[in-house]
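Only one structure is covered here, and it is reproduced in the block below.
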Protein chains: 2
Amino acid sequence: MTATIIDIAKKAGVSVSTVSRVLNNKPDVSKETQERIRATIKDLDYSPNKVARNLVLKRSNVIGFIASDITNASFPELARGVVVKAKEYGYSVMFFDAHKDSRVEKEAIGLLRSKQVDGIILSFNEANRDELLKLRDENFPVVQIYRKSSESMISTIAIDNVANGYLGTKYLLDAGHTRIGHITTGDLTQSGYERKLGYLKALTEANIDIDENLIVEGVSSVEAGRECMERLLELKSRPTALFASHDVLAIGAYDAILDRGLSIPGDISVVGHDNIEIAKMIRPRLTTIDTFKYILGQASVDLLIEEMAVESHQCKELVYPGELVVRDSVRIL
Amino acid sequence: MTATIIDIAKKAGVSVSTVSRVLNNKPDVSKETQERIRATIKDLDYSPNKVARNLVLKRSNVIGFIASDITNASFPELARGVVVKAKEYGYSVMFFDAHKDSRVEKEAIGLLRSKQVDGIILSFNEANRDELLKLRDENFPVVQIYRKSSESMISTIAIDNVANGYLGTKYLLDAGHTRIGHITTGDLTQSGYERKLGYLKALTEANIDIDENLIVEGVSSVEAGRECMERLLELKSRPTALFASHDVLAIGAYDAILDRGLSIPGDISVVGHDNIEIAKMIRPRLTTIDTFKYILGQASVDLLIEEMAVESHQCKELVYPGELVVRDSVRIL
DNA sequence: TTGTAGGCGTTATCAA
DNA sequence: TTGATAACGCCTACAA
């Protein structure tokens with residue numbers, strides 16, 4: 001039986017309201033009683049029951065965080081940003097993994113709400129537009145990460161995929177490459193789609209004809225990257241450079257290239273996207289685009305806090321540009 | 001204003017207890033009223049306030065999970081195991097990152113408890129023995145992951161580090177290597193210390209004299225691995241093989257070896273430990289020891305649930321053996 | 001089969 | 001400066 005506010009009130013010879021006052025640092029309580037109460041609190045090792053407090057306050061000081069896939073390489077940094085920032089604001093985070101399953105995601109939303117979380121951060125979600133609209137209608141604080149959604153009217157922290165796709169491709173172009181392959185998750189994911197747009201834009205701008213054969217599509221995995229690259233290598237006129245829409249794809253591409261006895265960047269230059277931890281560990285170290293995941297995680301809770309403070313549902317959209325991290329996988333011609 | 005049990009009681013023309021009964025699938029409620037109530041629940045999109053429920057039930061159906069470092073490469077799989085298994089039991093998980101700071105860890109424990117979590121899983125913690133003892137004394141369910149603690153009397157899920165160290169070294173021995181270096185976190189971490197014990201045991205068993213010069217110590221990071229390997233490479237009689245106590249160390253060692261123009265496994269064979277995701281992506285693919293992190297995460301929840309069910313604090317200790325994953329980084333002599 | 005009422009541990013309003 | 005007391009939303013004897 002852990003102590004309650006009543007226990008300490010009795011022991012200190014005061015009423016519960018007085019105890020509650022010192023607990024919440026309210027004014028109007030004499031120095032002496034204050035000290036006496038503080039002492040007995042320490043004495044009984046008492047700590048207020050947050051559940052009871054939440055019930056009356058109607059707020060829990062916890063925010064929900066739903067990752068669409070916890071094994072995503074970008075997750076750890078992102079999560080750390082969320083947790084760190086939440087703590088700064090005095091919030092704890094309750095955590096769910098949706099396994100990329102939108103049904104699970106929906107369940108998580110319901111559970112989180114029934115647990116009275118004060119707001120929800122969704123990352124990487126692929127669907128559930130209806131759920132989101134419902135939340136919005138109820139004026140419930142939510143922010144999405146990584147998914148622009150001007151149409152869905154939910155506050156969002158996103159990265160500028162088009163600009164990043166452009167950035168990566170442009171770098172290759174500037175290095176003198178003209179035959180640049182692109183491995184992409186394509187229309188399978190919004191991010192892939194957008195990065196491809198950037199890739200196309202850079203080529204078009206450089207007056208290079210788009211060769212559809214140079215664009216191969218696969219899911220976001222090492223294996224897919226490998227397969228895609230193999231297809232590229234079989235082309236009669238193979239590319240001298242590659243822009244992969246995700247680092248994992250680039251890593252798969254490495255395998256295919258190196259297994260053919262080709263060299264990176266000697267024969268083929270590679271630029272990735274995401275700057276996952278592995279990028280700087282593989283050889284040659286991968287030139288890629290950093291997306292500041294830790295910062296994004298933090299920004300998402302900033303935005304959520306803002307959302308919670310404001311009366312009516314706003315709909316801010318913060319788009320973060322990426323930054324090219326030059327390492328050793330591109331050959332300057 | 002979201003609906004409460006009273007709202008639906010009124011609307012359905014029954015008392016709150018009856019509603020509560022159907023909410024909790026209790027018997028003794030007629031088919032008709034049951035249906036009527038279910039209907040209005042659906043109608044008002046009602047979902048019980050878990051905070052209120054927790055207050056009376058004195059249980060929250062959430063378990064706390066404190067990672068000592070969320071950026072640890074083993075974390076994602078472990079966390080997934082925890083989250084998945086917890087969900088199976090109907091539990092949610094509230095999540096903290098201690099940044100390896102035992103003060104933060106202590107805070108997290110306090111916070112989690114004040115939030116009335118039903119149990120706590122601690123992973124990778126380095127210190128806070130006092131906190132743990134306090135929890136044990138209060139009969140509060142806790143399980144530690146990765147840290148054997150026979151002395152601390154807390155239930156634990158651990159991996160058999162000594163056996164694993166032996167396993168990795170023995171494999172190198174069986175491959176014909178006799179001059180085997182060891183990069184270790186040494187006495188800095190319990191896991192490193194134990195794996196080193198395994199390394200020593202294997203050598204001793206093979207009647208190979210221990211050469212202290214072959215054992216270098218550093219923190220668990222790629223950079224440290226690199227530096228340690230450099231020292232090994234400067235030896236007049238350099239090793240032909242290496243057992244690294246952590247994959248990240250092995251990856252750093254790769255850098256040092258390859259930068260010298262040496263080949264893996266041609267000149268130097270490498271065995272790691274952990275089987276982090278990167279291990280199969282680097283080249284040559286790293287032979288290492290898998291520790292079944294996903295399973296461990298799940299097992300920790302199983303154990304915690306067991307702990308919660310039992311009256312008195314038990315103190316089970318489950319030790320999981322690792323498994324060698326043979327890939328391409330070892331040369332058979 | 002259903003309803004009444006007390007209690008879970010806090011906070012907050014209103015008196016004293 | 002302090003103390004009763006009514007919420008908060010739910011569950012659970014106990015009664016009816």
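The figures that follow rest on heavy atoms only: side chains count, while hydrogens, waters and symmetry mates do not. Since the model is a prediction, treat every value here as computed from it, not as a measurement. Residue numbers begin at 1 in each chain, while the letters A, B, ... track the order of the sequences.
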Check whether any side-chain nitrogen or oxygen of B/Thr18 sits under 4.0 Å from OP1 or OP2 of C/dG3, and answer yes or no. yes
Value for CD1 (A/Ile145) from CD1 (A/Ile66), rounded to nearest 0.5 Å, stands at 11.5 Å
Any chance the rings of A/Tyr146 and A/Phe75 have centres within less than 6.0 Å? no
Between A/Asn54 (CG) and C/dG9 (C1'), how many Å, whole number? 11 Å
Enter the distance from B/Leu318:CG to B/Asp302:CG here, rounded to the nearest 0.5 Å. 9.0 Å
For the pair made of CD1 in B/Ile8 and C1' in D/dC11, what is the distance, rounded to whole Å? 14 Å
Quiz question: going by heavy-atom distance under 3.5 Å, is there a donor-acceptor pair between the base of C/dG3 and the side chain of B/Ser17? yes
By nearest atom, which of the nucleotides C/dG3, C/dT2, C/dA12 is closest to the A/Lys26 side chain? C/dA12
Distance only, no hydrogens: is a donor on one side chain within 3.5 Å (strictly under) of an acceptor on the other, for A/Asn61 and A/Tyr89? no
Would you compute the distance between atom CG of B/Leu23 and atom OG1 of B/Thr18 and round it to the nearest 0.5 angstrom? 11.5 Å
Describe the nucleic acid contact of A/Lys31 in one word from base, sugar-phosphate, nothing, applying a heavy-atom distance below 4.0 Å. nothing
Can a salt bridge be assigned to the pair A/Asp43 and A/Lys11 using a cut-off of 4.0 Å between side-chain N and carboxylate O? yes
In whole Å, what is the span from the CG atom of A/Asn25 to the P atom of C/dT11? 11 Å
Kindly state which residues belonging to residues 110-118 of chain B come within less than 4.0 angstrom of DNA chain D, counting heavy atoms of the residue only, listed by number. none
Using a strict threshold of under 4.0 Å (side-chain N to carboxylate O), is an ion pair present between B/Arg80 and B/Glu77? no
Value in whole Å for how far the P atom of C/dG9 lies from CG of A/Asp7: 9 Å
Have A/Ser17 and A/Ser20 got a donor and an acceptor in their side chains that come within less than 3.5 Å? no
Check this one for me: any side-chain N or O of B/Thr33 less than 4.0 Å away from OP1 or OP2 of C/dT2? yes
Closest-nucleotide ordering on DNA chain C, the 5'-leading residue of B/Ser15 and A/Arg21: B/Ser15
Identify each atom pair where a protein N or O and an N or O of nucleotides 7-10 of chain D are less than 3.5 Å apart, giving names and distance.
unit_1 : atom_1 : unit_2  : atom_2 : d
D/dC8  : O3'    : A/Lys58 : NZ     : 3.2
D/dC8  : O2     : A/Val56 : N      : 3.4
D/dG9  : OP1    : A/Lys58 : NZ     : 2.6
D/dG9  : N2     : B/Ala52 : O      : 3.4
D/dC10 : OP1    : B/Tyr46 : OH     : 2.6
D/dC10 : OP1    : B/Asn49 : N      : 2.9
D/dC10 : OP2    : B/Ile5  : N      : 2.5

Expected output: side-chain A/Lys293 to main-chain A/Asp274 donor-acceptor under 3.5 Å: yes
Using a heavy-atom cut-off of under 4.0 Å over every strand shown, decide if A/Ser30 touches base, sugar-phosphate, or nothing. sugar-phosphate
